[in-house]
Enquirer: 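Handing you this structure, nothing more for now.
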Amino acid sequence: MVDVVVGILSDKLLKVLESEWHRQLALGEHFKKMNDELLFMRSFLQDVERVRRKDQTETLKIAKKNLMELVYDAEDAIADCQVQFAEQHKGSLSKYMQSWSPKFINWSPKLINFRREMTKRLMVINQGIEEVKKSMISYLSTAPTPTSREEGNTRPLSYPILINDDKIVGLEDGLDTIERWVLQTDELFTMIGIVGMGGIGKSTLAQKICSRLKHSFEYIAFVPVSQCLKFEDVLLEMLREKIASKSSHSGGEVHELLDMLKRELEDKKYLLVLDDVWETAEGMWWDNLNSILPKRNGGCVIVTTRKLKVAGSMGVDRNHIHQVKTLSHDDSWSLFTKIAFARTGGKCCNPDLEHFGKEIIARCEGLPLAITAVGGMMLAKGDSVQEWRRTSMHQKDEIGMLVMSRLELSYDELPSHLKPCFLCFAMYPENIHIYIDEIIGRWIAEGFVSARNGRTAFETGEEYIAELMDRCLLIGSKTDAFNRKFTFCRMHDMVRDMVIKIARDENFTSFDEKGRPIFNMQHCRVGISGNSAIESCGSKVVKNSITRSKLRTLFSLYIEKEVILNLKMKLFDLKWLRVLYLLLSKTMINEEILGKDCLDAIGSLRHLVYLHIGFCALEKLPDSLGDLSNLQLLELNQWPNLKMLPPSIIKLGKLISFQIRGCHSLECLPDGVQNLLNLERLEQFCPASSIRNNAFQIGQLKSLGELRRLHIVLKSPNQLEEGELKVLSQLQNLRVLLIEIDTNNDESSALMSKLNHQFSYLQDLEELWLIQFPGERTPIWLKPMTFPRLRFLGIFGGKLTHMGPGFWERENAVWKIEVLVLDHLSELVEDSSKFSKAMPYLRMLQVSHCSKLIQSVPSDVSRV
């Protein structure tokens, strides 16, 4: 992971060397030397990755840790230079640069002193990088070189678990489904995918299919595919019996083996299982194999993989992909008893053992590999209640090594850019649903994600989330699975244990042996949940250790009063903080515990990129918030008393996301928000009545050309000037629009009248939500012609009884909607089959709390 952080800094250094400010400070030679060394180090670290993490010596681990700290020191130095330059010229950088010349440098005593101190800092950092380089080169010269066999196969071949018939538990439905798919092949060729996280039973399912159908095929091969594939070994495994019968044949070139396999399968009905496939692009091995497979006689290939994308790249149709789920509690207990009580025929005769056994399997969270491992371990312990009690208390230590190495393969195989993103999940507590936009915000603030290839940083982050889900390392929730509109995600408990272990090994953040955060602040990232800081370390430790000035991320969830009081006094010391996430306990939403002094301290954090404050009782924010010149993401969550925002917010020129949730007393945004030209997301924005002086109006959004996501809350018809909503059609990058109505009955009809006539053609909109819409019919503009590219439509709450006539209109345009969500529409009287007829691309209809809706959906449309 260090190579990723080094790469991020190298990119920043290149931008520094292209800028003008480093010349004013005359520090270019130090930055250039640093960049040259880091470019070498990055290539070196990528070479070191050939040596597996478990084989790395303590010397290398210490060197990598030291390099990471030096990289962070260098990033802080660059940030300090940028802030110094901005303050020197009072933010007028562009105007100053146009007339910049060395002879006009304002060498004030303050600037001279800053340059002197910065030169010393950079020299120390460069010297440290050279020392780390020497130690790493020394390590590599003495490190064992992998043999050719190891290079071709860097992990042991995986073997199926739960092979015996009597130990197939909780997989029966999957077996029946896959068997039906296989037997439907007839004279055709079929591809089937089995997808799931490591240890969930994919290989077991595939092997059981081979056993069940052994008389239905003339040729059956079950081939474990290694992560670093040697195609010759795979082909030899498929031809094992044929080659074994000819002792003179020792293998041959790939093309010879392919010809031999082609002749072997030519006139046979075959079933081929490729187990645990990781990649297909390397060496084009799958293309070569697929080209010689006969596509008649009922041939079938089953692929098991941890990555949904792999199955798709091999040509598996989505309708033939079976995603293996974790076991239910009952199935988990059934599997456990078959193994742990094998001596008594799978029956537990001791209530005490049953009590501790159920505690043990609850920790396994339905993962068959973990249940099988711990079941075998408990079988060896016999019926000693004392041993079972001890295992229940220390289960993580007992089974961690049995399961962890299998799961760590998923981390080892991650692309380098995903590794630090994945480790960020270590800071979340157990059993929590993680808001995806928030984790992406953290990635952006840390520099792990940035805009690239024409995509915004958020869009890139969404791609990273999707890839982690494809690899079965994250589980999506509250979503439509087809359109990938995941709102939250979560992590299997065993995967979380793995992430914590790796984060500790990589010095990404710190945990004790029980997986609790260590609050000595010797790391750059700290997470606090509830009163965990007090419970695990004591409030004094939190209070004293927060002075660690290199802290970059402080992430806290539902923290209580004592922790907040300790934090308030130390925020001024965290001058290099990039991420500050303060979610207070809900019990304090009416207490002004987070006072003006604390918010003023936050306003002094000049390097802050991401600020989230939730469950706060204050009525206003201080003007110092406008001094956060590097702030890109600002989130205010559940501020019920917040009435106004400081005018200084309009100085946050780098802001890309401004989210306001649960701030029901907020009347308007400050005038001048239209000057935030980089803004991409503006959520729960409530424009004020036009009779107010300096009230911000929707019409002013037209200057925000980068806006991609907009959430408008309308409370009064006075908020809308004539034709004002038509400005939305000028926002060519707008992709997601949420319109929420929060009004009383007396004003709803007047507001409806304005809403019905203020929309125009929104060509590029992809997602639309109508929330608490007051009309009995949908507005006249909700029709295919207005939204030609709409893929997702959600209607939540309100008095809707029927869809308006324009909704069913098909003369001039057709709906492109793939996902339709109807939620809390208790008065809606429609036949759900009409939606599939009007929407030929519809793949999912999600209906909830719509008691009068006639439920009749075609079989090709999924229902949730």
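Computed from a prediction, not measured in an experiment: that's the story for all the values here.
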Enquirer: Which atom names give the shortest non-hydrogen contact between Ser729 and Lys726, and what distance separates them?
Expert: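 The pair with the smallest heavy-atom distance is OG-O, 2.7 Å.
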Enquirer: Would you call Arg121-Asp80 a salt bridge at under 4.0 Å N-O?
Expert: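 Yes, charged N to carboxylate O under 4.0 Å.
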Enquirer: Does the ring pair (Phe, Tyr, Trp, His ring centres under 6.0 Å) test come out yes or no for Phe792 and Trp769, once each step is laid out?
Expert: CA-CA 8 Å; Phe792 183 104; Trp769 279 91; 5.5 Å; yes
Enquirer: To the closest 0.5 Å, what do you measure between CG (Leu701) and CG (Leu728)?
Expert: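 CG of Leu728 is found 7.0 Å from CG of Leu701.
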Enquirer: Is a side-chain donor or acceptor of Ser657 paired with a backbone partner of Leu633 at a separation under 3.5 angstrom?
Expert: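 Not confirmed, Ser657 side chain does not pair with Leu633 backbone.
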Enquirer: For Glu680, is there an ion pair with Arg709 - N to carboxylate O distance below 4.0 angstrom?
Expert: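 No salt bridge links Arg709 with Glu680.
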Enquirer: Given Ile656 and Phe458, is the side-chain contact (heavy atoms from CB on, under 4.5 Å) satisfied, shown in steps?
Expert: CA-CA 10 Å; Ile656 62 173; Phe458 268 106; 4.2 Å; yes
Enquirer: Please evaluate residues Arg525 and Glu446 with respect to the criterion side-chain contact (heavy atoms from CB on, under 4.5 Å), reporting the C-alpha separation (whole Å), side-chain torsions for both, the decisive distance (0.1 Å), and the verdict.
Expert: CA-CA 10 Å; Arg525 300 168 188 86; Glu446 292 251 24; 2.8 Å; yes
Enquirer: If I compare all heavy atoms of Leu628 with all of Leu605, which pair ends up nearest, and what's the gap?
Expert: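 Heavy-atom minimum between the residues: CD2-O, 3.1 Å.
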Enquirer: Under 4.0 Å between a side-chain nitrogen and a carboxylate oxygen: does that hold for Glu75 and Arg552?
Expert: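 Salt bridge present between Glu75 and Arg552.
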Enquirer: Do the side chains of Arg791 and Glu766 get close enough for a salt bridge, i.e. N-O under 4.0 angstrom?
Expert: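 No salt bridge links Arg791 with Glu766.
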Enquirer: Of all residues at least two apart in sequence or in a different chain, which pass the salt bridge (charged side-chain N to carboxylate O under 4.0 Å, His left out) check with Arg681?
Expert: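 Residues passing salt bridge (charged side-chain N to carboxylate O under 4.0 Å, His left out) with Arg681: Asp437, Glu462.
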Enquirer: Less than 4.5 Å apart, side chain to side chain, heavy atoms only: is that true for Cys616 and Trp639?
Expert: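 Cys616 reaches Trp639 side chain to side chain.
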Enquirer: Among Tyr581, Phe658, Tyr435, Phe555, whose ring-ring contact (aromatic ring centres under 6.0 Å, His included) with His612 holds?
Expert: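 Looking at Tyr581, Phe658, Tyr435, Phe555, the match for His612 under the ring-ring contact (aromatic ring centres under 6.0 Å, His included) is Tyr581.
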Enquirer: Flag the pair Arg578 and Asp76 as a salt bridge only when some basic side-chain nitrogen lies within less than 4.0 angstrom of an acidic carboxylate oxygen.
Expert: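 Answer for the salt bridge query: yes.
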Enquirer: Could you list the residues that satisfy side-chain contact (heavy atoms from CB on, under 4.5 Å) with Thr460, not counting sequence neighbours?
Expert: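 Only Val449, Arg452, Arg455, Tyr464 meet the side-chain contact (heavy atoms from CB on, under 4.5 Å) criterion with Thr460.
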